[in-house]
Amino acid sequence: MNGNDAIYPMATEGNNFNEGLTKRELIAAMAMKGLLANPEMAHAITRGLIAKMASSEADNLIHYLTANPVAEGANDGK
């Protein structure tokens with residue numbers, strides 16, 4: 001898994017291509033949303049530190065998922 005891969009690539013008019021968000025950006029945004037949902041966290045530290053924490057968590061998840069791929073068929077309901 002490459003964190004810089006596009007998560008929702010889209011074709012646009014003509015032969016243009018819009019890659020959209022990267023996997024890393026999407027994961028970091030979700031982590032930041034979670035951090036900011038805690039009022040104590042949101043007021044206790046700076047926005048810059050929250051952004052660093054969210055980016056770090058995105059990197060940690062990407063690293064973990066790359067090192068531990070899901071076995072084929074693991075999510076087929078069996």
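These values consider heavy atoms only, across backbone and side chains, with no hydrogens, waters or symmetry-generated copies. If you read the sequence from its start, that first residue is 1, and numbering goes on from there.
Minimum interatomic distance between A28 and A58 (heavy atoms only, all atoms of both residues): N-CB, 3.7 Å.
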Pair up each side-chain donor or acceptor in residues 32-42 with any protein partner under 3.5 Å, not counting sequence neighbours, and list the distances.
residue: N38; atom: OD1; partner: E40; partner atom: N; Å: 2.9
residue: N38; atom: OD1; partner: M41; partner atom: N; Å: 3.4

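Across L65, L21, I62, T22, a single residue satisfies side-chain contact (heavy atoms from CB on, under 4.5 Å) together with I27, and that is I62.
Each side-chain hydrogen bond (donor to acceptor under 3.5 Å, both in side chains) pair with one or both residues in residues 50-59, not counting sequence neighbours, appears once here: R24-D59.
Of the inter-residue distances, the one linking L26 atom CG with K23 atom NZ reads 10.5 Å to the nearest 0.5 angstrom.
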